[in-house]
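Below you'll find the structure, written out as structure tokens, and then a few comments.
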Amino acid sequence: MPELPEMETYRQQLAPLIQGVPITGVEVTRPKSLNVEPEQFAQLLRGNRILQINRRAKHLLFILATGELLVLHLMLGGWMYVGSDEDKPDRTFQVTIHFGAKSLYFIGLRLGYLHVHLPEEAEAIFKKLGPEPLQADFTFERFRQTLQGKRGNLKVTLVDQSVISGIGNCYSDEICFYAQLLPTRKINDLSEEELQRLYQSMRTVLLEAIRYGGYMESPLYAGDRLTGGFDSRCRVYDREGEPCVRCGHPLVFEEVSSRKCFYCANCQA
DNA sequence: AGTTATACCCGGACGC
DNA sequence: TGCGTCCGGGTATAAC
């Protein structure tokens, strides 16, 4: 599922492919993906250009030459492909944006969406989100302050977008594993040393995931060797029963706060 | 502040 | 091949 590293991978790879290229047409087969009428959407985009692609948490922001933003959230299982009629995936496209011969296909948008906003509207939406975990000014000191007074468990706190933004179900497990902390630990029970481990692990895991292209089933374009490169490097997520890479004990699956949760019961404490 | 429940949504995998 | 069934899971919101 697309979390911060996946969206960051998309952002980096998408930029050189579509930035500045005139939009020649739009197709919408799922109007619910949009917050405006499909005709209005097409009218706004046709002849327009995406000048820049930014990311905020799990959102991608396509900045149009005319000043509006397209705010993308892939939610569960959404993904994208850039290609042409010849090599496009055999899937249902909810939205397609054509850039001459090549097209950007949006796939698996069930709860996902592509919304048109003015910059100030987007800002208001993003105000509810917690800090970006990888932003340079999100120091350990700020991290500690952010978690100050929290009493929930590690898992539920890490995936809470209003506390820290961008981390989802997969990376919360990976971060806990790297930090050798049980996802069920209470935030307020963590020692100073454990908090530091958690902070370092958060940065290390997210940066590694971005470097290897995140956790995705499908490439972004033909010949893409980066997207999904982190799949095989996931240490615990969806690996119930497999031996822990650190100690060899079989990994455990448990529902924690009604979420899928994977961890090593032997070397996480 | 935490915890729990519920609705949202539908493609595609799977079973027969 | 074809048709019916059901799952997944982040987010918003409400109730306690």
Side-chain angles (χ1 to χ4, degrees), chain A residues 1-10 27-35 38 55-61 71-81 88-96 105-115 117 121-133 144-176 182-190 206 209 214-218 228 231 234 236-240 253-263:
Chain A
M1 50 244 51
E3 305 176 27
L4 186 155
E6 288 71 34
M7 299 315 281
E8 182 60 24
T9 300
Y10 273 146
E27 281 164 63
V28 179
T29 60
R30 181 179 181 264
K32 278 184 182 176
S33 298
L34 311 176
N35 63 339
R55 181 188 58 75
R56 178 71 174 95
K58 304 177 191 176
H59 305 261
L60 236 46
L61 283 75
V71 177
L72 170 72
H73 197 311
L74 293 174
M75 297 288 265
L76 51 137
W79 53 289
M80 290 179 276
Y81 188 81
K88 67 184 181 190
D90 184 19
R91 286 288 195 278
T92 305
F93 311 122
Q94 286 73 44
V95 179
T96 309
Y105 302 96
F106 295 87
I107 304 148
L109 298 188
R110 295 177 198 177
L111 299 179
Y113 54 83
L114 190 56
H115 285 179
H117 285 297
E121 294 171 338
E123 209 158 301
I125 293 166
F126 296 144
K127 230 189 266 177
K128 297 176 194 142
L129 293 174
E132 288 284 330
R144 194 204 341 236
Q145 282 166 21
T146 299
L147 299 183
Q148 191 79 244
K150 295 273 175 290
R151 293 176 289 132
N153 65 44
L154 207 35
K155 174 80 178 173
V156 81
T157 307
L158 284 175
V159 301
D160 187 335
Q161 299 303 294
S162 69
V163 179
I164 298 166
S165 61
I167 297 169
N169 215 32
C170 171
Y171 290 103
S172 58
D173 284 0
E174 295 298 317
I175 290 165
C176 289
L182 286 170
T184 47
R185 289 284 300 276
K186 293 276 186 262
I187 290 287
N188 50 324
D189 286 343
L190 295 178
L206 293 177
Y215 184 92
M216 290 297 284
E217 281 181 23
S218 309
D231 291 18
C234 262
V236 288
Y237 190 72
D238 235 350
R239 295 193 182 280
E240 181 185 11
F253 164 73
E254 186 193 346
E255 192 151 303
V256 174
S257 304
S258 55
R259 287 166 174 282
K260 283 169 75 170
C261 184
F262 301 87
Y263 61 92

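- Within the structure, every side-chain polar atom (N or O) of A:Gln161 is placed at least 4.0 Å from both OP1 and OP2 of C:dG10.
- The distance between atom CG of A:Asp238 and atom P of C:dC7, rounded to the nearest whole Å, is 17 Å.
- Other residues, nucleotides and ligands contribute at most 12 non-hydrogen atoms within 6.0 Å of the CD atom of A:Glu123.
- Contacts between residues 162-174 of chain A and DNA chain B, defined by a heavy-atom separation under 4.0 Å, are absent.
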**Request:** Between protein and nucleotides 1-6 of chain C, map the contacts as a letter string: B base, S sugar-phosphate only, - none, heavy atoms under 4.0 Å, written 5' to 3'.
**Result:** ------
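- Computed from coordinates, the A:Glu255 CD to C:dG9 P distance equals 11 Å when rounded to whole Å.
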**Request:** Quick one: do A:Lys260 and A:Asp173 satisfy salt bridge (Lys or Arg N to Asp or Glu O under 4.0 Å)? Show the steps, please.
**Result:** CA-CA 9 Å; A:Lys260 283 169 75 170; A:Asp173 284 0; over 6 Å; no
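- OP1 and OP2 of C:dG10 both lie 4.0 Å or more from every side-chain N or O belonging to A:His73.
- The distance from atom CE of A:Met7 to atom P of C:dT11 is 11 Å, rounded to the nearest whole Å.
- Using a 4.0 Å cut-off, some side-chain N or O of A:Lys58 falls inside it from OP1 or OP2 of C:dT11.
- Mapping A:Pro2 and A:Lys128 onto DNA chain C via the closest heavy atom, the residue that lands nearer the 5' end is A:Pro2.
- Ring geometry, A:His73 versus A:Tyr113: the interplanar angle falls from 30° to 60°, so the pair is classed tilted.
- Using bins of under 30°, 30° to 60° and over 60° for the plane-to-plane angle, the ring pair A:Tyr237/A:Tyr215 lands in the perpendicular bin.
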**Prompt:** Can you give one letter per nucleotide of nucleotides 1-15 of chain B, 5' to 3': B if a protein heavy atom sits under 4.0 Å from the base, S if only from the sugar-phosphate, - if neither?
**Reply:** SSS----BBBBSS--
